[in-house]
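Residue numbers count from 1 along this sequence.
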Amino acid sequence: IVRYALSPVASEVGGFYVDSVEVTLSSPTAGVLVYYTLDGSEPTEASSQYSDPLMLEETTTVKAIAVGGGYLSSEVMEELYRIVDYRVDVTVSDTDNVSLTLTLGTAAGGTESLNTVYDQLAPPPPPSGSFDARLKVGGQDYFRKYLPLTETVREWGLQFSPELGYAPVTLSWDSAQVPLEGRLTLRDGITGSFVNVDMREQSSVTIEQEFITQVVVEHTVVEASAPVVTPEAGTYVDNVEVSMSTSSEGALVYYTLDGSEPTEESLLYEEPLVLEETTTVKALASGPGYVASEVTTSEYTLLVSTDVPVFSPGAGSYADSVEVVMSSPTVGALVYYTLDGSDPTEESLLYEEPLVLKETTTVKAVSGGEGYAVSEVGTAAYEILVSAQMPMLTPDAGTYVDSVEVVMSSPTAGASVYYTLDGSEPTEESLLYEEPLVLEETTTVKAIAGGTGYVASEVAESVYEIVRYALSP
């Protein structure tokens, strides 16, 4: 004896659901497995085996069977889940409490013409004097009508008539069903001055004017203005204060700092942000009555400020050569330099080891490198002087009769000779040697070599003793 398994049961019956619906499948028959399809095809044991709840975010036909455990395959369970963007049920009633509920909304599969998946046509109008209510779109009458999501302005005509003698008509709805995006307005089709209601702000209206037999439900979708993020994207030093705003009145700004796309679940902007590291700010504007704006993206590159490089030894005059060491007080920063007097950039020479300067040079340097701002320019002028050799005095020191002609010269090319004849130490402020000296009395000659571009030499010293012969008796 074999039996058929009982058909699976869905936790949610087929129907209309806003945004999504979670469906659980089970079988009343113990020990069987459930197989299902979502594409309208007939399920078999080769179909997907049910294990976890199904999250449906678009209109879907779920078909399922139960099989196994010694049972023959069950009949097919079939449920159609219509996923819509929103639905608003408007109940039309007169004073005799006769009423009819009309449904309007939008869906991804909605159309201007009849779509039998979503829409329900209304029958022909009843005789004059009878209660009636219907939606009118594109010349067709409906009890339920879903329009496409893509339109920015959607309109449903809503026509009504009370039972004869039972005016006025009242229209009522649940304002919680009204979509947050855009503005849903119920107004008379004449001038909009008799009836003009924001359906999010109130939940009913009574049509006192008997000559009004039709109103218009208009859903105007307004895209919020994209946020303005200031200052402009770019490179900043140490930190930057970022402000965000939108020109759409009443809209809020939501943002992310991790590069992800913002949504209305993202961070809400309330006060300026102080960024201290490189950050991509993405922001959108949204809020009641608005469709989310386009995303504004601003990339802020934050650099660490750097101090001017330090030179050791400092600028000054040095004999023959000097070894210059450069360093940045900013940890991790590199030093770039020039030796030709031009201002350095991060394209200039990279400092890696001490510089040995053998001629007069102006060193200019900056701190910088990846992730660092370029510092102000540090400048150090190094004057390299040639060490002059001690002058030569000829003839040699000694005793000479009556006079002696002394010649002075420097072995260092280009150096000048400075001298004294009074025993004092010579400097570059002393007498400049230009021609031989004729000494006619005992004299101590002291001389140095030096001059512009030279380091003064050691002192050369010669004592010339001048003697004379006595006159004959």
Side-chain angles (χ1 to χ4, degrees), residues 84-107 110-115 118-223 288-291:
V84 299
D85 305 301
Y86 69 88
R87 60 175 290 177
V88 178
D89 298 318
V90 180
T91 299
V92 182
S93 59
D94 63 13
T95 58
D96 193 30
N97 292 322
V98 179
S99 66
L100 181 64
T101 297
L102 307 175
T103 299
L104 58 89
T106 66
T111 57
E112 295 288 344
S113 57
L114 173 65
N115 184 324
Y118 296 98
D119 304 336
Q120 180 185 358
L121 288 174
S128 177
S130 301
F131 175 87
D132 186 41
R134 60 192 57 230
L135 297 171
K136 299 184 75 68
V137 175
Q140 188 68 267
D141 293 354
Y142 298 91
F143 283 158
R144 181 178 65 238
K145 180 57 184 172
Y146 284 90
L147 290 174
L149 176 65
T150 54
E151 302 299 322
T152 56
V153 179
R154 305 154 192 143
E155 288 188 354
W156 297 261
L158 197 160
Q159 181 177 293
F160 52 85
S161 60
E163 187 86 18
L164 185 62
Y166 290 97
V169 166
T170 297
L171 310 179
S172 59
W173 58 90
D174 182 356
S175 58
Q177 289 185 314
V178 176
L180 293 177
E181 293 184 342
R183 187 168 185 261
L184 198 65
T185 305
L186 189 151
R187 58 178 173 79
D188 67 79
I190 303 172
T191 63
S193 58
F194 296 102
V195 179
N196 198 327
V197 174
D198 185 333
M199 297 179 70
R200 189 183 296 111
E201 299 297 325
Q202 63 188 75
S203 57
S204 67
V205 61
T206 298
I207 312 298
E208 301 288 353
Q209 298 81 7
E210 293 188 17
F211 60 85
I212 296 178
T213 59
Q214 180 169 318
V215 293
V216 175
V217 178
E218 181 180 78
H219 185 191
T220 304
V221 181
V222 179
E223 182 177 303
Y290 294 100
V291 172

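- Contact check for Ser93 versus Phe131: no side-chain heavy atoms found under the 4.5 Å cut-off.
- The two atoms that bring Asp188 and Ser193 nearest to each other are OD2-N, 3.4 Å, heavy atoms only.
- We find the CG-CZ distance between Leu104 and Arg87 to be 10.0 Å, quoted to the nearest 0.5 Å.
- Here the side chains of Val98 and Tyr166 are not in contact, with every heavy-atom distance at 4.5 Å or above.
- Counting heavy-atom neighbours within 6.0 Å of Leu114 CG, excluding the residue itself, gives a total above 12.
- The nearest pair of heavy atoms linking Gly189 to Val216 is CA-CG2, 4.2 Å.
- Here the closest non-hydrogen pair linking Phe143 and Ala133 is CE2-O, 3.5 Å.
- Rounded to the nearest 0.5 Å, atoms CD (Glu155) and OG1 (Thr220) are 8.0 Å apart.
- Of the residues Arg144, Gln140, Lys145, the one that meets the side-chain contact (heavy atoms from CB on, under 4.5 Å) test with Asp119 is Lys145.
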Problem set entry | Steps toward side-chain contact (heavy atoms from CB on, under 4.5 Å) verdict (Met199, Val217) | CA-CA 9 Å; Met199 297 179 70; Val217 178; 3.9 Å; yes
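- Side-chain N or O atoms of Gln202 include one that pairs as donor or acceptor with a backbone N or O of Ser204 at under 3.5 Å.
- Listed here is the closest heavy atom pair of Glu163 and Asp94: N-OD2, 3.0 Å.
- Taken from CD1 in Ile207 to CD1 in Ile212, the straight-line distance is 6.0 Å, to the nearest 0.5 Å.
- The existence of a salt bridge linking Arg183 and Glu201 is excluded, since no basic side-chain nitrogen approaches an acidic carboxylate oxygen closer than 4.0 Å.
- The environment of CD in Glu210 is sparse: at most 12 heavy-atom neighbours from other residues, nucleotides or ligands sit within 6.0 Å.
- The only option from Asn196, Val169, Val195, Val215 that meets the side-chain contact (heavy atoms from CB on, under 4.5 Å) definition with Val205 turns out to be Val195.
- In this model, a donor atom of one side chain and an acceptor atom of the other lie less than 3.5 Å apart for Asp85 and Thr106.
- Within the 4.5 Å cutoff, no side-chain heavy atoms of Asp174 are placed close to those of Ser203.
- Looking only at side-chain heavy atoms (C-beta outward), Tyr118 and Thr111 stay at 4.5 Å or farther from each other.
- Put simply, the side chain of Ser161 does not reach to within 4.5 Å of the side chain of Thr213, judged on heavy atoms.
- Between Lys136 and Asp141 there is a salt bridge, with a side-chain nitrogen of the basic residue lying less than 4.0 Å from a carboxylate oxygen of the acidic one.
- To the nearest 0.5 Å, the span separating CZ on Arg134 from OH on Tyr142 amounts to 12.5 Å.
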Exercise. side-chain contact (heavy atoms from CB on, under 4.5 Å) between Phe160 and Leu100: does it pass, once the steps are laid out?
Worked result: CA-CA 10 Å; Phe160 52 85; Leu100 181 64; over 6 Å; no
For this session: Evaluate the side-chain contact (heavy atoms from CB on, under 4.5 Å) criterion for residues Phe194 and Glu208: first the C-alpha distance (whole Å), next the side-chain angles of each, then the deciding distance (0.1 Å), finally the verdict.
Result: CA-CA 9 Å; Phe194 296 102; Glu208 301 288 353; over 6 Å; no
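- In this structure, the separation between OG on Ser175 and CG on Leu184 is 11.0 Å, given to the nearest 0.5 Å.
- Here CH2 of Trp173 is found 13.0 Å from CG of Asp89. Values are rounded to the nearest 0.5 Å.
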For this session: Apply side-chain contact (heavy atoms from CB on, under 4.5 Å) to the pair Trp156 and Leu158, showing each step before the final yes or no.
Result: CA-CA 6 Å; Trp156 297 261; Leu158 197 160; over 6 Å; no
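- Counting heavy atoms from C-beta on, the side chains of Arg154 and Val221 come closer than 4.5 Å.
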